[in-house]
Every structure is written in C-alpha cells, then in structure tokens.
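Hydrogens, waters and symmetry mates play no part in the numbers below; they use all other heavy atoms, side chains included. Read the numbers this way: they start at 1 and go in the same order the structure lists the ligands and their atoms.
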Amino acid sequence: MKKILFIASESVPFIKTGGLADVVGSLPKYFNSKEYEVRVMLPKYACMKEEWKEKMEYSLHFYMDLNWRQQYVGILTMQYEGITFYFVDNEYYFNGPKPYGDVAYDIEKFAFFSKASLSALPLLGYRPDIIHCHDWQTGLVPVYLDNFRYGNEFFRGIKTVFTIHNLKFQGIWDKKTVRDITGLPEYYFAPDKMEAYKDANFLKGGIVYSDRVTTVSNTYAEEIKMPFYGEKLDGLMNARANCLSGIVNGIDYEDFNPETDPHIARNYNLETFRKEKVKNKTALQEELGLEKNPHTMMIGVVSRLTDQKGFDLIDCVMDELCQDAIQIVVLGTGEEQYENMFRHFAWKYPDKVAALIYYSEPMSHKIYASCDAFLMPSLFEPCGLSQLMSLRYGTVPIVRETGGLKDTVEPYNEYEKTGTGFSFMNYNAHEMMASVRYAEQIYYDRKRDWNKIVERGMQKDFSWKNSARLYEKLYESM
Ligand code: ADP
Ligand code: GLC
C-alpha cells in the first residue's frame, strides 16, 4: 500500500476559492483504494463553516520554531467520505474572512503551514511515501523536506510531486524577509534554488526541489515553456522539462450530475435533456427577472472575475452581442473592475443580462444546468473545470483554444458532424464574437445539430477515472 499525502491550501467541501479546491477534494477518492491510501493536509481557517469545524477532532499540538518565532501548531483530524483530512490549527495565521489576504501576510502564513505540515508527521506517526504539493502555498514543503532530511532519518526517502494549478501566482517576496521568516539557510536562496530575479520565490522552490512536476493539462505543460505563458519561469520549466508532465483534471461526477443534482429545478440525463433541460432555463429566467422565453439562447459565465478569464474581450463586444437574441447570466466575484462592468451591462440590458456578483455553489449548478452555452474566453487556462461541468450538464462551451480548454473542448465541425463546443484561437474580441455568433446560428437554425453537440458533450467522460490512473502511474514511476 502506497501512502500519499496531499498538502494544499484549499479543498472542497471545507474551503474553496477556485478549481484547486475541487481537485484536492475530489481526486483522492478516485485512487485505487487497494493500492493507495491518500490523506490530505489543509489549514484550519477561521472562515470555514461551523458545521465542519465542529466535526474536526483534536489530535495533538506542539510548538514549532519559525526562525526566532515560536508558534503553536495544532493538528485536528476528520474522516470524510473515506479520506483522512488533517487540519493545521493556528489562530494567528488562519484568521480573517478569507483564506488569502495580502501577499506579505500570506508569505508568512504559508511558510508556517508548510513547515508545520511536515513537522507534524513524526508526531502523528504517519510517514507518507510521497508528498503531493499543490501551488505556491506549498512550495516550501519540498524545500523544508530537503532541509529536514539532513538531521532526521524519518524524512529520508520521502518523495515529492508538485502540481502547478496556476503559474501566475508564485509567492514572491524579498529574500531577506523570507530568510527571516523561514529560518532556512542562505544556501537555499541562490539563483539555482529559491531565488528568481533577486527575490525569493516559493513556487520556484517547490519546482526545483520536487522529484516530479505536473500541471493540469498537456497543452498548459507545453505553453509554460514559452515566454508568453511562462510567467518569467519558462526557463525553469524548460530546465525541468524531463520531469514535467500534464495530467488533465477531472470533476466529481457524483457532485456534478444533472440526473441527481438537488440544486436544479428539473433533473435530466442523456435521454431526457431535449425535453427537460429547458425547464431549468425558464425557472432561472423567472428567478432572475429575465424575459421568460424557452426559445431564447442563454449563455452562462461562472468564474472568478480576474484578467485571466478574458473578460476584457467580453467588455469590448458586449454591446454588439446584446443586439442579438440572447441572454447572458454571469455569476462571479473578484476584481472590482469586472464586477462593475457586469453590473453596468445588467443595468443597461435588464431583460437580457443578469449579473450575480456573489459566490454560490447552488446558483453555479443552476447556471450549468439552465444555460444553452457557456462562455470561457480565457487569456490562459491551466485546465479549467467550468467547461467540464458545462459539458456534463449538456451546456455547450464556447472557449478560447488555450491550456485545458484546448484539450477538453473539441470544436464543432459542421461537415463531419463532430465536436462538443465552439472555439477560437487568438485573444481577440471579434474572433470571440464570431464564435458566439456561429453558435447562435447553429442553435437557432439547426437545432438538431445543436442537440447532437450537446449529446456528444454529455457522452464525454471527464470524471477522475482516467486521470487518477495517470497519477497512479506517475507515483509508480518514482
Ligand atoms: P479557477 O480555478 O481558475 O477559478 P476553474 O474553472 O478551474 O477556474 O474552477 C472554478 C471553480 O469555481 C468551478 O467549480 C466554478 O464552478 C467555481 N466558481 C467560480 N466562481 C464561482 C461563484 N461565484 N459561485 C460558485 N462557484 C464558483
Ligand atoms: C487553477 C486554474 C484552473 C484549474 C484549477 C484546478 O485555478 O486557473 O485552470 O482548473 O487551478 O487545477
């Protein structure tokens, strides 16, 4: 039995700001339980819901040096759907209304989290064979592990995998402060280790010190070797190319299932979607005060509102698009600029545009189920889960051909009658608009073909079944 420990900053159902949480919370359930035992280590944030905090059980506590600081580390444990979750407790670091705040504060928080996670293992009497780290927040885990190995037999031989979910966020701060916070020797702050462009870089540390590096789609694994997507680390990605691979994300096919979803007005499946899916649309039109018309094409967006997601393109052509017979429903929070942009369009086109500027899991399910198409024109997209959720709900994705979007959405070919969505290549607003209009044309004029696109999308399998096998293979190869 191979023991795998995931260390990450978020996981469903406990805490979520984006797709990382979906991956960390669902993937562990899909390993072959006869051969793998996967546990997960997370921070215990004050902002987690009471219902979860109540279920955590105290396991142990100790005091840990973080250079000259001495910090309390509590470990709480919970079994959830067959998986052991550990929660690192420290009320000073993990307070506040959100998991992440300003960088300076987050740098120290996640240095603490990384060291505490490792330090707790001997006391828990749990020695994983492989530690699987996710994103910059856990970048120091492989670095501390390297450091711990010298003095402590327990840590020798533990291997590490590092998964990049988003290269944009790296955890960068000046070297002097990071040295002071982490207490790591000067040796680690050289340019072939944690230093990048004169600063200390957590993500770089994680990548340099891991045995294997993965990212969440094949295309993104290739893209990040190039300057445009490399976020100034493309050199490093090339240097580690022989240890770097892409494994596309899956989604939880039980949580996201139109046949059983409790959040949606009308359940449906591959056989019944033609009749039933539209009832979700009219229910949502009514709920949101949009013009109630089962025939109107409804386009959805569910997203963090950041520049990664391509909203500048939407901004540019929204007035033109709103002349068409479509409705647009947006659910998201994030940068004020984009929140206000969608509020503005909802005010300007009240029967056509709904801007839901908040976070709601049930509402996201309603949108995946109700819309005819789903728009995701990302500037870059390591994998993207929203388009997979859309495919699962028979909602046709319209995407830019980048990262995981390119790998998971097959463009419609009207001659060969193939494809599961619509896509465009360049980061260009009118190219995006042409794709949306092409989709409108098929939706209105060739409903049969449209339904076939829906059907092919619903038939695709983006559960973890396939990708979990690829992670198992990777672990085996180590
Ligand atoms: P990213 O991780 O870059 O944010 P993904 O597409 O991988 O993008 O994952 C986004 C996840 O967050 C999806 O599960 C999506 O449904 C969810 N999500 C984003 N914004 C909201 C929101 N406002 N309300 C509910 N769910 C949201
Ligand atoms: C990141 C990426 C997204 C990916 C998610 C889960 O947040 O932006 O593309 O799907 O991580 O891997």
Peer 1: Does V248 offer a backbone N or O that forms a donor-acceptor pair with the side chain of N218 under 3.5 Å?
Peer 2: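 Pair absent, no side-chain N/O of N218 close to backbone of V248.
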
Peer 1: Would you check ligand 1 and list the protein residues that come within less than 4.0 Å of it by any heavy atom, ordered by chain and number?
Peer 2: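 Only K16, G18, G19, D22, V302, S303, R304, Q308, K309, L331, G332, Y358, Y359, S360, S364, Y368, M376, E381, G384, L385, S386, M389 have heavy atoms that fall under 4.0 Å of ligand 1, ordered by chain and number.
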
Peer 1: Starting at CG of L474, measure out to CZ of R469 and round the result to the nearest 0.5 Å.
Peer 2: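 Answer rounded to 0.5 Å: 13.5 Å.
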
Peer 1: Is the shortest distance from a Lys or Arg side-chain nitrogen in K292 or E286 to a carboxylate oxygen in the other one below 4.0 Å?
Peer 2: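 Answer for the salt bridge query: yes.
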
Peer 1: Strictly below 4.0 Å, N to O, side chains only: are R304 and E335 in salt-bridge contact?
Peer 2: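 No salt bridge links R304 with E335.
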
Peer 1: Heavy-atom contacts with ligand 2 below 4.0 Å: which residues, ordered by chain and residue number?
Peer 2: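 Close residues (ligand 2, cut-off 4.0 Å): G19, L20, V23, H165, N166, V216, N249, R304, Q308, E381, P382, C383, G384, L385.
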
Peer 1: Honestly, is R392 close enough over Y253, meaning NZ or CZ under 6.0 Å from the six-membered ring centre and within 45° of the axis?
Peer 2: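 Because its charged atom sits under 6.0 Å from the ring centre and within 45° of the axis, R392 does stack over Y253.
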
Peer 1: Should E455 and R274 count as an ion pair when the cut-off is N to O under 4.0 Å?
Peer 2: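 Looking at E455 and R274, the cut-off is met.
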
Peer 1: Say whether R39 and Y86, considering side chains only, have a donor N or O and an acceptor N or O under 3.5 Å apart.
Peer 2: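 R39 vs Y86: donor-acceptor pair found between side chains.
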
Peer 1: List the steps and the verdict of salt bridge (Lys or Arg N to Asp or Glu O under 4.0 Å) for E361 and K16.
Peer 2: CA-CA 10 Å; E361 203 70 32; K16 167 167 164 178; 3.7 Å; yes

Peer 1: Does the distance from a Lys or Arg side-chain N to an Asp or Glu carboxylate O, for K53 and E50, drop under 4.0 Å?
Peer 2: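 Result for this pair is yes, salt bridge flagged.
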
